[in-house]
Amino acid sequence: MASVEKASGVYDAIIVGGGPGGATAAYFLGEAGRRVLVLEKATLPRYKPCGGGLSPFVLRHFPFPFEPVIESTVSAISYAFRGRTVTVPVRGQDVCLVMRDRFDAHILAHARAEVRTGAAVRSVRELADRVIVEAQEGQAFTGRYLIGADGANSVVARGAGLHGGRIRAAAIEVEVPVPPPVLRRFAEMPLFVFGAIPMGYLWVFPKAAHLSVGIGALRPQPGQLQATLARVMRRYGIVLNGAPLHGHPIPIRSPGAPLASACTLLVGDAAGLADPLTGEGIRPAIISGRLAAQAILAGRPDRYAAMVRRSFGRSHALGRMLALLFYRHPRASFALGVRNPAATRAFVDLIAGRTGYPGLILRLLGTLPAHMAAQVFGSLRPA
Ligand SMILES: Cc1cc2nc3c(=O)[nH]c(=O)nc-3n(C[C@H](O)[C@H](O)[C@H](O)COP(=O)(O)OP(=O)(O)OC[C@H]3O[C@@H](n4cnc5c(N)ncnc54)[C@H](O)[C@@H]3O)c2cc1C
């Protein structure tokens, strides 16, 4: 990672934001020999409110190892709904947990790009064949292409007129030190809690030496996230004890929301690509970062939106519909989906990127009769 001043001139690509979306785009453009500038407002490594749960499968996009930044792996996932808990085993390599400061910096450290930190972009101007990007200190940079990887409150999306068509979930995250017995209880076993907040869920993710806990929901009442988080975590022996709460939106795009203009491409949260059911956004940021680099390398930014649609856009649209059903009817969803082992296996395949929402829904529907029969016969069995 180079942070030195270079001769001014026109960059092949300017990337705003050094999270997973921006760092991935910088990596692939840099590897192809393009002159790339990354403008990142924070000093790196920076904290990002995030559970840091992802599937290592997406890391296969990169030829370098990620072991140094993987905090822990997952052997099972627990799902709770109003006092009932289902625990589903997970194959060794399917889900892992990272701390985002180290993870994001790790990708960016491999990028052959000029990186300027402490450089908050405040405006962008698109001309016919180039883009002018102005940073907070009045410095201006010119690029042939611009990638908006500046997250949920993207200045690039607004500046390029590409910010419409998104809903925003609100989320809070806390890094909590806990006594060893509590840490051991969650070791390798993240927990998701449904039914405690309308249109959302809570999570407990085990990191190497602490727990990352959080809550996210669509349109919560003021103070509802904080109060529900503290109350539900106490139930699991997790006391927040004044640990700092970090709030952050998760934007989710509607089908057809804009992704690119003539010279500007949006990736990750700036594009609203987080998963509509889970809010998982690291994988879509990495995939869209790579697709944006490929579209630029091919000289066809106009194809980027179609590339995203083919890769996961259609699945995303179906996921939006499923998310509405799931969160509006949590009791039925828990009984028919979460308690159905075939459906939870399909869900892990979804996180690992081995299937999309069409595959998940087919497996859910295909196994529903057998699952319902098992539930009925199970309830008839003498105690
Ligand atoms: C509480 C919470 C928990 C989550 N948990 C998970 C999870 O467990 N797993 C998962 O996959 N996803 C999770 N997500 C979603 C995930 O964090 C995001 O989808 C992901 O970070 C998107 O990556 P990105 O590169 O698009 O943006 P970001 O990671 O947000 O990176 C954007 C970067 O741009 C920089 N920036 C912003 N504005 C400017 C500017 N004007 N100029 C220059 N730089 C700028 C920021 O400093 C930042 O470094 C969670 C989100 C939240 C809020």
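What you see is a predicted model; the values in this text were computed from it and never measured. Numbers here simply count residues along the sequence, with the first being 1. In each ligand, atom 1 is the first atom listed, and ligand 1 is the first ligand listed.
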Open item on the list: Is a donor from one side chain sitting under 3.5 angstrom from an acceptor on the other, for Y304 and Q294?
Closed with: no
TODO: Provide, to 0.1 Å, the distance between atom 25 (O) of ligand 1 and the closest protein heavy atom, together with that atom's residue and name.
DONE: G21 N, 2.9 Å
TODO: Could you tell me which atoms of ligand 1, counted from 1 in the order shown, lie closer than 4.0 angstrom to a heavy atom of A171?
DONE: 1 (C), 53 (C)
Open item on the list: Just to check, does V16 reach to within less than 4.0 Å of ligand 1 when the distance is taken from its heavy atoms?
Closed with: yes
TODO: Is it possible for you to check whether R100 lies under 6.0 Å from the centre of the six-membered ring of Y47, through NZ or CZ, and within 45° of that ring's axis?
DONE: no
Open item on the list: Give the atom numbers and elements of ligand 1 that come within less than 4.0 Å of a heavy atom of E173.
Closed with: 1 (C)
Task: Ring centre gap for H106 and F66 strictly below 6.0 Å - done: yes
Task: Nearest-neighbour protein heavy atom for atom 5 (N) of ligand 1, which is reported as residue plus atom name and distance - done: G51 N, 2.9 Å
Open item on the list: Could you identify the single nearest non-hydrogen protein atom to atom 15 (C) of ligand 1 and state the distance to 0.1 Å?
Closed with: G279 O, 3.4 Å
Task: Per-residue contact class, A119 against ligand 1 - non-hydrogen pairs under 4.0 Å - done: backbone
- [ ] Identify, for atom 19 (O) of ligand 1, the protein heavy atom at the shortest distance, and state residue, atom and that distance.
- [x] D269 OD1, 2.8 Å
Open item on the list: Under 4.0 Å, heavy-atom basis, I'd like to know which part of N153 is in contact with ligand 1: side chain, backbone, both or neither.
Closed with: neither
TODO: Could you say whether the N/O atoms of G53 and ligand 1 ever approach to under 3.5 Å?
DONE: yes
Open item on the list: When you compare ligand 1 with G268, is there at least one nitrogen or oxygen pair between them that comes in under 3.5 angstrom?
Closed with: no
Open item on the list: Would S212 count as a contact residue for ligand 1, given that I'm defining contact as a non-hydrogen atom of the residue lying under 4.0 Å from a ligand atom?
Closed with: no
TODO: May I ask you to check whether H110 and Y27 place their ring centers less than 6.0 Å from one another?
DONE: no
Task: Cationic N near anionic O, under 4.0 Å, E40 to R116 - done: no
Task: Heavy atoms of other groups near R303 CZ, more than 12 under 6.0 Å - done: no
Task: Atoms in ligand 1 flagged as close to A149, the criterion being non-hydrogen separation under 4.0 Å - done: 32 (C), 33 (C), 34 (O)
Task: Check: F192 ring centroid to F81 ring centroid under 6.0 Å - done: no
Task: From the candidates K41, R283, R122, K48, the one that places a heavy atom nearest atom 30 (O) of ligand 1 - done: K48
Task: Proximity flag R100 to ligand 1, non-hydrogen atoms under 4.0 Å - done: yes
